[in-house]
Amino acid sequence: MSETASKAYGAPDAGRWKALVFIALAQLMVVLDATIVNIALPSAQQDLGISDGNRQWVVTAYALAFGGLLLFGGRIADLWGRKRAFVIGLTGFAAASALGGAATTGAMMFGARALQGVFGALLAPAALSLLAVMFTDAKERAKAFGIYGAIAGGGGAVGFILGGVLTEYQDWRWTFFVNIPFAIVAAAGAYFVIREPEGGRNRSPLDIPGVLLSTLGLVSLVYGFTRAESDGWGDSVTVSLFVASAVLLLAFVLTEARVKAPLLPLRVVTDRNRGGVYLSLGLAIIAMFGTFLFLTYYLQVVKGYSPIRTGFAFLPMIAGMITGSTQIGTRLMTRVAPRLLMGPGFLVAAAGMFLLTQLEIGSSYASLVLPSMLLLGLGMGTAFMPAMSLATQGVEPRDAGVASAMVNTSQQVGGAIGTALLNTIAASATTAYIKDHIATATTKPQRQLVQLEGMVHGYTNAIWFAVGILVLAAVIAVTFVSAGRPGSTTVTGSGSGEGVEDEVAVPVVAH
């Protein structure tokens with residue numbers, strides 16, 4: 001291990017478990033925000049007079065800023081220090097949330113959401129990289145990432161519950177204001193408790209061309225998928241965005257290979273294990289986000305559930321994720337290779353997804369939706385936990401922030417792709433079904449029944465694709481992720497290119 005790494009991974013900080021509470025709280029706030037606003041969107045749209053054409057910007061403004069600036073945010077965390085970036089990110093996120101809750105116009109709401117995305121892009125990689133540099137013992141790291149993985153996976157579903165409760169019993173504005181106490185507690189705790197290890201900063205000058213190319217490339221990619229969902233894949237603007245994204249991201253890779261102090265050192269992503277993690281995680285998120293959307297619509301539109309009842313219907317998935325991450329993943333991570341948790345985890349989730357392909361209008365929640373959610377949660381929790389940990393293992397401390405940002409980037413881009421791709425597949429299948437069956441429906445109730453059957457047919461068609469995507473994620477995890485269990489072997493890590501060997505799973509103190 002390099003001298004820098006050894007110095008940075010000195011004696012473990014005594015307050016690291018207290019610090020984990022505040023890091024987890026901040027992560028929960030960011031993940032909650034991705035779904036909590038969706039539940040409140042109809043009420044906010046009506047109050048602020050936002051048109052149907054513009055309402056997507058409440059979600060899109062956040063996604064574009066968050067997804068586009070993640071790599072930059074990760075690099076800033078490496079430059080400024082993760083603790084400082086973490087506290088600034090929390091403070092800014094709270095201020096942006098207050099602005100969103102107080103919004104009086106659509107433009108004010110869009111601006112607040114974009115600001116939330118900016119500060120979220122600083123906060124998220126800082127949180128994950130703090131874990132990476134604070135927890136260095138294999139067993140402790142397994143527990144810490146187990147908790148973090150459960151929150152990262154299950155927080156979105158918690159957002160449905162909290163969004164439903166706040167919208168139904170309070171006001172949509174509280175879906176923004178609720179972030180403020182979260183942020184204040186997490187920032188105060190971080191300020192007094194977190195002690196970031198010394199020697200892990202990356203003080204190289206900022207790679208401005210890399211920042212511009214990566215931000216514009218990622219924004220074009222995320223916006224391209226958002227446009228595809230609303231305007232179609234053949235739309236000229238959509239196609240132009242995808243072409244621009246490909247050109248910009250290719251130019252980014254070429255730039256990073258040549259500049260002296262790159263924004264994203266290619267050693268971070270070309271490592272076989274980390275590359276496998278980023279790719280398989282992104283694919284799993286594609287499957288998950290689309291399914292969240294379909295289940296929400298199925299329960300509310302087809303089954304007639306209220307927003308709050310829909311939120312509670314997701315509880316089994318949260319329970320499964322917590323169990324898979326903190327019990328199965330944490331207990332086995334120090335005993336088996338990560339791929340033996342990730343591959344089977346994604347396959348268990350695929351089995352849960354397969355059950356959902358059997359959905360019909362009259363399907364029972366207890367006999368079909370409940371077991372599928374449990375399997376999805378168990379599988380994702382088991383796979384996410386080692387994936388989150390492995391994504392930052394073997395990385396030099398100076399690269400921890402940008403390596404963490406890559407995890408968030410794969411999730412953010414995966415979410416945008418999943419929502420657009422699976423929604424498009426579902427919509428096409430629904431349209432075809434209704435066209436084929438509407439002629440035989442002569443009464444209004446029959447026509448309504450055909451409409452509902454068409455919706456469910458569209459969902460199940462898209463879910464079949466999600467099953468295939470999860471199986472592909474499992475294959476990639478088993479094929480690419482070759483790391484042994486923590487401390488069992490060493491491979492050439494992502495050092496400075498001088499043949500420095502890092503522990504595969506965890507940098508250990510005694511060398």
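Counting from 1, the numbers follow the sequence of the chain as shown.
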### Message
Testing the 3.5 Å rule here: is there a donor-acceptor pair between the side chains of R339 and S482?
### Response
no
### Task
Could you grab the distance from atom NZ of K143 to atom OG1 of T326, nearest 0.5 Å is fine?
11.5 Å
### Value rounded to 0.5 Å, distance of CG in L206 from CG in D78
11.0 Å
### Task
Taking S372 for its side chain and V369 for its backbone only, find out whether a donor-acceptor pair lies under 3.5 Å.
yes
### Query
Would F86 and W80 satisfy ring-ring contact (aromatic ring centres under 6.0 Å, His included), going step by step from the backbone distance to the final call?
CA-CA 10 Å; F86 185 73; W80 288 354; over 10 Å; no
### Query
If we only count heavy atoms from C-beta on, is the S363 to Y298 side-chain gap below 4.5 Å?
yes
#### Entry: For the student: nearest non-hydrogen atoms of G414 and I286, plus distance
O-CG1, 3.2 Å
### Query
Is a salt bridge present between D399 and R267, judged by a nitrogen-to-oxygen distance below 4.0 Å?
yes
### Query
If every non-hydrogen atom of L422 is compared with every non-hydrogen atom of F294, which pair is closest and at what distance?
O-CZ, 3.3 Å
#### Entry: Flag if over 12 foreign heavy atoms under 6.0 Å of NZ, K139
no
### Message
Keeping S245 on the side-chain end and G217 on the backbone end, is there a donor-acceptor pair under 3.5 Å?
### Response
yes
### Query
When you look at L264 and V269, which way does the side chain to side chain contact (heavy atoms under 4.5 Å, CB included) test go after all the steps?
CA-CA 8 Å; L264 174 64; V269 288; 4.2 Å; yes
### Task
Please round to the nearest 0.5 Å and tell me the distance separating atom CG of L131 and atom CZ of R82.
12.0 Å
### Query
Quick one: side-chain contact (heavy atoms from CB on, under 4.5 Å) partners of A474, sequence neighbours excluded?
F346, L347
### Query
Between the main-chain N or O of L263 and the side-chain N or O of E256, is there a donor-acceptor pair closer than 3.5 Å?
yes
#### Entry: Separation between OG1 of T382 and CZ of F384, rounded to the nearest 0.5 Å
11.0 Å
### Sole residue of T215, L71, V247, L216 in side-chain contact (heavy atoms from CB on, under 4.5 Å) with F252
L71
### Query
Quick one: does L376's side chain get under 4.5 Å of M288's, heavy atoms only?
yes
### Task
For the residue pair R75 and S204, establish whether any side-chain heavy-atom pair is separated by less than 4.5 Å.
yes
#### Entry: Intermediate values then yes/no, ring-ring contact (aromatic ring centres under 6.0 Å, His included), F225 and F242
CA-CA 8 Å; F225 280 107; F242 284 136; 4.8 Å; yes
### Query
Please walk me through it: do F314 and L295 pass side chain to side chain contact (heavy atoms under 4.5 Å, CB included)?
CA-CA 9 Å; F314 278 93; L295 276 177; 3.9 Å; yes
### Query
Nearest 0.5 Å, what's the CG-CE distance between N408 and M406?
10.5 Å
#### Entry: Non-hydrogen side-chain atoms of P125 and L70 separated by less than 4.5 Å
yes
#### Entry: Side-chain touch I23/I194, heavy atoms, less than 4.5 angstrom
yes
### Message
Run the side chain to side chain contact (heavy atoms under 4.5 Å, CB included) test on R195 and K83 for me, step by step, so that the C-alpha distance in whole Å, both residues' side-chain angles and the decisive distance to 0.1 Å come before the verdict.
### Response
CA-CA 8 Å; R195 298 285 179 271; K83 176 178 173 176; 3.6 Å; yes
### Message
Looking at V211, is its backbone amide N or carbonyl O close enough to the side chain of S214 to form a donor-acceptor pair, meaning the two atoms are under 3.5 Å apart?
### Response
yes
### Message
Could you work out, with side-chain hydrogen bond (donor to acceptor under 3.5 Å, both in side chains) as the rule, every residue matching W464, not counting sequence neighbours?
### Response
none
### Query
Are any non-hydrogen side-chain atoms of W17 and F135 less than 4.5 angstrom apart?
yes
### Task
Could you tell me whether Q358 atom CD has more than 12 heavy atoms of other residues or ligands within 6.0 Å of it?
yes
### Query
Is Y365 atom OH crowded by more than 12 heavy atoms from other residues, nucleotides or ligands, each under 6.0 Å away?
yes
#### Entry: Over all atoms of both residues, closest heavy-atom pair of P338 and V481
CB-CG1, 4.2 Å
### Query
When the ring centroid of F119 is compared with that of F93, is the distance short of 6.0 Å?
no
### Task
Please name the residue in the list L122, N179, L25, L123 that meets the side-chain contact (heavy atoms from CB on, under 4.5 Å) test with L90.
L123
### Message
I'd like to check V193 versus R16 (side-chain heavy atoms, cut-off strictly below 4.5 Å). Are they in contact?
### Response
no
### Nearest heavy-atom neighbours spanning A284 and A473
N-CB, 4.4 Å
### Message
Within the structure provided, determine whether I476 and L472 are in side-chain contact (heavy-atom separation under 4.5 Å).
### Response
yes
### Query
Do T330 side-chain atoms and Q327 backbone N/O form a donor-acceptor pair below 3.5 Å?
no
### Task
Say whether, by atom type as modelled, one donor and one acceptor occur between the side chain of T460 and the main chain of T357 under 3.5 angstrom.
no
#### Entry: Shortest non-hydrogen contact from G67 toward L218
O-CD1, 3.5 Å
### Query
What's the spacing between L390 CG and M385 CE if we round to 0.5 Å?
10.5 Å
### Message
Would V30 and F66 count as a side chain to side chain contact (heavy atoms under 4.5 Å, CB included) here? Give the steps.
### Response
CA-CA 10 Å; V30 172; F66 189 68; 4.0 Å; yes
### Task
Return the minimal non-hydrogen interatomic distance between F182 and M29, and the atom names on each side.
CB-SD, 3.9 Å
### Task
For the pair Y278 (side chain) and T409 (backbone), establish whether a donor and an acceptor sit closer than 3.5 Å, ignoring hydrogens and angles.
no
